Protein chains: 2
Amino acid sequence: MNENTTEEESPASELHSGRLSDFAYSSIKEQLTRGVYKPGHKLPIRSVAEMLKVGATPAREAINRLVFEGALVMVGPKTVIVPHLDLSALYEVTQMRLALEGLATEKGALRATNDVLDKLLVIQEKITLSLEEKRYGDALHDNKEFHFTIYRLCEMPHLLSTIEALWLRIGASFHDLYPEFAEAKYGVHNHLAAIEALVDKDPSAVRAAMENDIRDGYRRLKKAAQERLKRQ
Amino acid sequence: MNENTTEEESPASELHSGRLSDFAYSSIKEQLTRGVYKPGHKLPIRSVAEMLKVGATPAREAINRLVFEGALVMVGPKTVIVPHLDLSALYEVTQMRLALEGLATEKGALRATNDVLDKLLVIQEKITLSLEEKRYGDALHDNKEFHFTIYRLCEMPHLLSTIEALWLRIGASFHDLYPEFAEAKYGVHNHLAAIEALVDKDPSAVRAAMENDIRDGYRRLKKAAQERLKRQ
DNA sequence: TTCATAATTTTGTTATTACAAAAATCATGA
DNA sequence: TCATGATTTTTGTAATAACAAAATTATGAA
């Protein structure tokens with residue numbers, strides 16, 4: 001971790017709830033969702049430990065957790081890497097996202113206050129701006145924030161954490177094809193439709209809009225991935 | 001772990017793919033789903049390590065993994081316990097189960113061969129017998145096997161592992177109220193309906209049967225839990 | 001050059017140890 | 001009897017070291 005844009009602090013900094021393994025875990029996770037590592041990048045325990053300025057034990061535990069939840073993969077008894085894109089995993093995760101994010105959306109839709117609606121509009125503007133300026137990392141970050149702002153409404157923590165794990169599972173491997181993925185203004189239409197349906201207090205319409213967004217994303221991602229696979 | 005009915009071997013026995021932490025993880029998991037520990041039972045690292053005849057490191061990693069996926073909970077900075085029953089968690093997990101197990105069922109239904117159907121019938125007979133003889137641990141085990149035999153048909157490993165995590169999240173905490181939960185022949189009707197629908201090659205009917213089973217289970221479990229909470 | 005094999009380095013795992021902090025126990029006083 | 005504070009024990013964490021196994025590099029012959 002170099003001191004560039006992340007909000008994580010120095011190695012074993014202040015109030016990280018203590019545990020170094022938690023610090024290591026969220027550091028790696030942050031870097032994964034920021035697209036710091038390309039698919040195939042190796043993550044040996046000792047390198048990670050050195051980078052984060054911690055011992056081997058917390059680094060090992062963090063890596064193993066990530067492997068366990070599928071954010072990293074083991075390709076050999078002693079080699080874990082950032083996963084390569086995997087169309088069948090993408091399909092699976094998409095199916096699960098439709099089921100679970102649809103559920104969260106529908107359960108929470110009626111609880112949207114004006115504050116939340118305002119927040120969603122602000123986020124959407126940020127996304128649009130980021131896409132125009134080709135700051136894809138920021139766009140991804142805010143897109144996630146848009147979705148989770150809606151999902152949080154249902155107040156189902158177990159559901160939320162399960163969904164988050166799903167995002168992590170494919171997030172990293174698709175980062176490097178984001179430019180071609182985002183050629184069009186990704187998701188704008190669906191997001192606006194979702195906001196409108198929230199205003200209308202129409203849960204199934206919100207769900208439909210979010211599902212559409214997920215499906216659109218899937219199609220574009222799949223296409224971009226296939227083209228890249230063909231090209232190489 | 002005493003040598004009764006489990007298939008796990010002695011401490012650091014033969015071909016457990018090597019890792020002691022995996023051995024520890026699956027040992028604890030097995031005991032949790034068998035209902036060995038009552039809710040509230042403490043699991044200190046050193047005790048677990050001694051019981052499994054491994055060092056503190058693999059025991060620690062196993063326990064942390066289980067906490068991470070919600071099968072155990074931390075109630076203090078240095079105390080993890082088997083979770084107490086939690087009605088809102090039960091509700092959440094049930095909603096997720098309906099979405100995800102419904103998905104798995106529907107995707108896999110058309111792939112049921114005669115072998116699978118036979119296997120399901122055999123399992124169902126075992127369940128019925130176990131319930132009659134009040135061997136609730138076995139009944140639970142085979143009930144899980146029934147469900148997962150169907151879910152495996154869709155060949156979606158990510159989905160499978162997510163569903164398994166859900167079972168683990170509530171499994172342990174509801175073990176000690178199984179007797180009152182199972183007063184009636186639990187699930188028989190729904191299971192048979194599912195098998196019939198599989199024979200008919202009717203995916204949505206299979207899904208409906210499985211969802212019914214999940215909902216029935218939820219209602220009974222909730223009722224049993226509420227009665228026990230009232231009584232105490 | 002290519003492929004198999006040998007030598008070397010890297011790597012994951014685990015037991016151990018030290019330490020600080022939390023939990024449990026005990027003592028004391030009201 | 002109960003609360004409160006002090007003491008003792010237990011506990012989780014993380015660094016380290018040792019080891020075996022895997023991964024890598026070097027080497028050699030075809």
Side-chain angles (χ1 to χ4, degrees), chain A residues 1 8-29 37 39-84, chain B residues 1 8-29 37 39-84:
Chain A
M1 143 137 43
E8 292 292 356
E9 283 303 311
S10 53
S13 70
E14 46 274 17
L15 31 107
H16 256 299
S17 82
R19 301 159 46 145
L20 285 192
S21 43
D22 287 349
F23 163 74
Y25 172 76
S26 38
S27 296
I28 303 173
K29 196 162 141 179
Y37 303 120
H41 187 266
K42 278 181 57 175
L43 289 179
I45 292 177
R46 283 168 175 86
S47 309
V48 173
E50 192 184 7
M51 171 183 62
L52 299 175
K53 305 255 182 66
V54 299
T57 312
R60 176 176 177 270
E61 187 168 309
I63 291 172
N64 279 338
R65 263 204 254 175
L66 261 351
V67 169
F68 187 67
E69 59 177 330
L72 298 174
V73 296
M74 295 194 61
V75 294
K78 300 199 172 184
T79 30
V80 326
I81 62 170
V82 176
H84 284 100
Chain B
M1 150 137 35
E8 292 291 356
E9 283 302 311
S10 54
S13 68
E14 47 274 17
L15 31 106
H16 256 299
S17 82
R19 299 159 49 143
L20 286 193
S21 42
D22 287 348
F23 165 73
Y25 171 77
S26 39
S27 296
I28 303 172
K29 196 162 140 181
Y37 304 119
H41 186 268
K42 279 182 55 176
L43 289 179
I45 292 178
R46 283 169 175 83
S47 310
V48 173
E50 191 184 9
M51 171 184 63
L52 300 175
K53 303 255 182 65
V54 299
T57 311
R60 177 175 176 270
E61 185 167 310
I63 290 172
N64 279 338
R65 261 205 254 176
L66 262 351
V67 169
F68 186 68
E69 59 177 330
L72 299 173
V73 295
M74 294 194 59
V75 294
K78 300 200 172 186
T79 30
V80 326
I81 62 170
V82 176
H84 285 98

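Every chain is numbered from 1 and lettered A, B, ... according to where its sequence line falls, protein lines coming before strand lines. Please read these numbers as outputs of a predicted model, since none were measured by experiment.
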DNA chain D: 5'-proximal contact among A:Ala56 and A:Gly76 (nearest heavy atom): A:Ala56
Presence of donor-acceptor pair under 3.5 Å, side chain of B:Arg46 and base of D:dG12: yes
NZ/NE/NH1/NH2 to OD/OE distance under 4.0 Å, B:Asp22 and B:Arg65: yes
Phosphate OP1/OP2 of C:dT14 contacted by B:Arg60 side-chain N/O (<4.0 Å): no
Check: A:Leu72 and A:Val82 side chains under 4.5 Å, non-hydrogen atoms: yes
Nucleotide C:dT10, atom C1' - distance to NZ of A:Lys42 in whole Å: 8 Å
Side chain of A:Ser21 - closest among D:dA14, C:dT11, D:dG12: D:dA14
Over all atoms of both residues, closest heavy-atom pair of A:Ser21 and B:Arg60: OG-NH2, 4.2 Å
Options D:dT24, C:dT14, C:dA23, nucleotide nearest the side-chain atoms of B:Pro58: C:dT14
Length of the line joining B:Lys78:NZ and D:dT13:C1', which is rounded to integer Å: 8 Å
Between C:dT13 (C1') and A:Arg65 (CZ): distance, integer Å: 18 Å
Under-4.0 Å side-chain N/O to phosphate OP1/OP2 contact, B:Lys53 with C:dT14: no
Minimum-distance pair of heavy atoms, taken over all atoms of A:Leu52 and A:Phe23: O-CE2, 3.9 Å
Between P of C:dT13 and CG of B:Leu20, the distance in whole Å: 11 Å
Interatomic distance where CD1 belongs to B:Ile45 and C1' belongs to C:dT16 [whole Å]: 14 Å
Distance, rounded to the nearest Å, where B:Met74 contributes CE and C:dA23 contributes P: 9 Å
Closest to the B:Thr57 side chain, choosing from C:dA15, D:dT13, D:dA23: C:dA15
Below 4.0 Å: OP1/OP2 of C:dT13 and any side-chain N or O of A:Asn64: yes
Separation of atom CD in B:Glu61 from atom C1' in D:dG12, rounded to whole Å: 15 Å
Rounded interatomic separation in angstrom, taking CD from A:Glu50 and P from D:dA15: 14 Å
Member of A:Val75, A:Val73, A:Val67 meeting the side chain to side chain contact (heavy atoms under 4.5 Å, CB included) criterion with A:Pro83: A:Val73
B:Thr79 side-chain proximity, nearest of C:dA23, D:dA23, C:dT14: C:dA23
